Protein chains: 2
Amino acid sequence: MRSTKASAGPPLDDRTTRARIRDAALELFAERGVHGTSIRDIAGRAEVSAGLVQHHFGSKDGIREACDAHVIDTVLRQAEQAGDGAAASAELLASMYAASERVVRYLARALVDDSPGVGALFDRGAELTAQWLTRSWPERYPAGAEVTRQRAATMTAMHLGTLVLHAHLARWMGLDPLAPGQAHVISAAMLDVYTAMSDYLASETGVKIRRALAEYQDDLKGRKATR
Amino acid sequence: MRSTKASAGPPLDDRTTRARIRDAALELFAERGVHGTSIRDIAGRAEVSAGLVQHHFGSKDGIREACDAHVIDTVLRQAEQAGDGAAASAELLASMYAASERVVRYLARALVDDSPGVGALFDRGAELTAQWLTRSWPERYPAGAEVTRQRAATMTAMHLGTLVLHAHLARWMGLDPLAPGQAHVISAAMLDVYTAMSDYLASETGVKIRRALAEYQDDLKGRKATR
DNA sequence: CGCGACGCAATACGATCGTATAGTATCCAA
DNA sequence: TTGGATACTATACGATCGTATTGCGTCGCG
């Protein structure tokens with residue numbers, strides 16, 4: 001049924017009814033979260049019966065796992081192509097934006113909806129960032145050191161923050177950064193923020209702030225050591 | 001009942017049973033999201049009956065609004081005290097961490113659970129950041145300009161990203177940045193990331209990247225103008 | 001003393017949820 | 001031709017949800 005008969009052979013996977021259901025789930029999970037979406041909602045958007053959703057994915061958790069798997073597959077595939085050039089996470093993000101809007105929107109929600117699979121994606125991004133830090137400043141960020149892990153994780157969270165909080169950015173900037181072709185706005189803005197902060201930290205005030213924080217941390221470390 | 005009789009007169013608000021219910025709601029909403037939390041869950045954690053929750057807040061949406069109002073009140077109160085020194089958002093974040101762990105954890109979830117009230121908090125943070133940008137670089141970030149709005153919103157999202165993604169940071173760094181007394185780890189890491197990126201952007205590669213992006217944006221602008 | 005107001009629990013209700021089951025149509029292989 | 005997968009719909013069931021209702025005890029105040 002549903003004709004088009006397309007190519008002759010194997011169940012190529014995509015654009016099948018199963019894929020349409022999965023895409024509907026991706027969209028609704030991204031919009032309302034997993035808890036806020038019912039199987040009947042998904043069936044409605046995919047224009048099939050609720051029973052069919054269950055037939056293809058077994059359970060609601062099955063749909064979620066299928067969504068996670070599809071997103072992970074897409075992201076990792078893009079990550080390979082993006083190479084490991086400098087600022088890996090920024091490029092990776094950009095290529096993902098271009099790959100599939102649906103996947104990116106789901107990813108943005110899944111990062112705070114604690115899906116175990118998508119959590120591994122954060123880890124992968126943080127790992128790439130850590131490697132980049134070590135490559136750029138080997139003596140400052142040794143591989144595996146605590147400081148390297150902390151900086152890499154924080155930087156990853158900052159970059160992904162612009163993804164996760166896209167709704168607020170859209171409201172405040174008057175344009176949706178997840179809409180097709182708008183990703184560069186965020187990339188440019190992040191780069192510009194780094195540039196501005198670079199100036200700021202070189203200023204008199206910036207030097208003072210850095211020194212104050214360094215002293216505070218030394219103090220903290222000293223107190224911990226003598227405790 | 002519940003003795004202590006405390007002060008004589010009016011329902012002073014806090015530590016009343018009503019406040020205990022609200023705190024339980026704050027915790028559960030933060031942990032599982034609004035959709036993932038039932039009124040009976042809240043009643044269970046507050047050790048009261050489900051009917052009492054309804055009696056105090058009217059409906060589930062009423063509880064949510066009460067949580068939002070309490071968080072907004074707490075945050076704004078902290079924002080006043082924190083002054084408007086440099087890097088306002090960082091200081092504001094730090095003082096909030098110290099004020100109430102429960103409030104911060106709820107805020108982290110509410111920022112991606114689209115609560116209208118908490119959305120206004122993002123706006124307030126972005127506005128403070130925009131003002132700081134304009135004060136620091138008046139010619140580069142004029143008040144009200146599009147570039148100022150974009151940079152301020154992006155910077156705010158980057159900083160709040162470390163809040164919203166705290167679970168991933170906790171997993172990757174081996175310590176919960178929202179635990180009492182751990183906020184400085186993120187502050188220090190963010191500052192260090194800015195410092196590192198400052199070095200990077202001054203390097204040969206960094207200059208090349210910035211030039212490439214500038215050309216890309218000029219190209220984009222030109223194409224839009226001649227279209 | 002009495003009588004509302006309030007804090008609180010218990011129960012009941014309709015709606016909706018995830019899921020199980022039964023049934024129909026279609027198509028490929030023996 | 002037939003028979004069993006496969007794709008798909010329809011319906012039903014038990015659990016849980018938000019909410020409304022009712023009732024009980026305990027104050028404060030006339």
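Protein chains get the first letters and strands the later ones, always in sequence-line order, with residue 1 at the start of each. Everything quoted here is computed from the prediction, not taken from an experiment.
For the pair A/H56 NE2 and D/dA5 P, the computed distance is 18 Å after rounding to whole Å. Counting to the nearest Å, the P atom of C/dT19 and the CZ atom of A/R64 are 13 Å from each other. A/L52 places its CG atom 16 Å from the C1' atom of C/dG18, with the value rounded to the nearest Å. A/E47 has its CD atom 11 Å from the P atom of D/dT9, to the nearest Å. The distance between atom CD1 of A/I21 and atom P of D/dT9, rounded to the nearest whole Å, is 8 Å. As a whole-Å value, the separation of A/F57 CZ from D/dC8 P is 11 Å.
Distances shorter than 4.0 Å separate none of the side-chain N or O atoms of A/H55 from OP1 or OP2 on D/dT9. Residue A/T17 has no polar side-chain atom (N or O) positioned under 4.0 Å from OP1 or OP2 of D/dA7. The side chain of B/Q54 places no N or O atom within less than 4.0 Å of a non-bridging phosphate oxygen (OP1 or OP2) of D/dG18.
Smallest separation of non-hydrogen atoms from B/D113 and B/R64: O-NH2, 2.9 Å.
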Atom pairs under 3.5 Å, N or O on each side, protein against nucleotides 12-17 of chain D: can you list them with distances?
none

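For residues 166-183 of chain A, the pairs satisfying side chain to side chain donor-acceptor pair (under 3.5 Å) are A/R105-A/D176, A/H168-A/R171, A/R171-B/D123, A/W172-B/D123, with sequence neighbours left out.
Under a 4.0 Å N-O distance rule, the pair A/R109/A/E27 does not qualify as a salt bridge.
In this structure the side chain of B/D192 reaches within 4.5 angstrom of the side chain of A/Y141, judged on heavy atoms.
The CZ atom of B/R149 lies 10.0 Å from the CE atom of A/M173; values are rounded to the nearest 0.5 Å.
Considering only residues two or more places apart in sequence or on other chains, B/R124 meets the salt bridge (charged side-chain N to carboxylate O under 4.0 Å, His left out) condition with B/E127.
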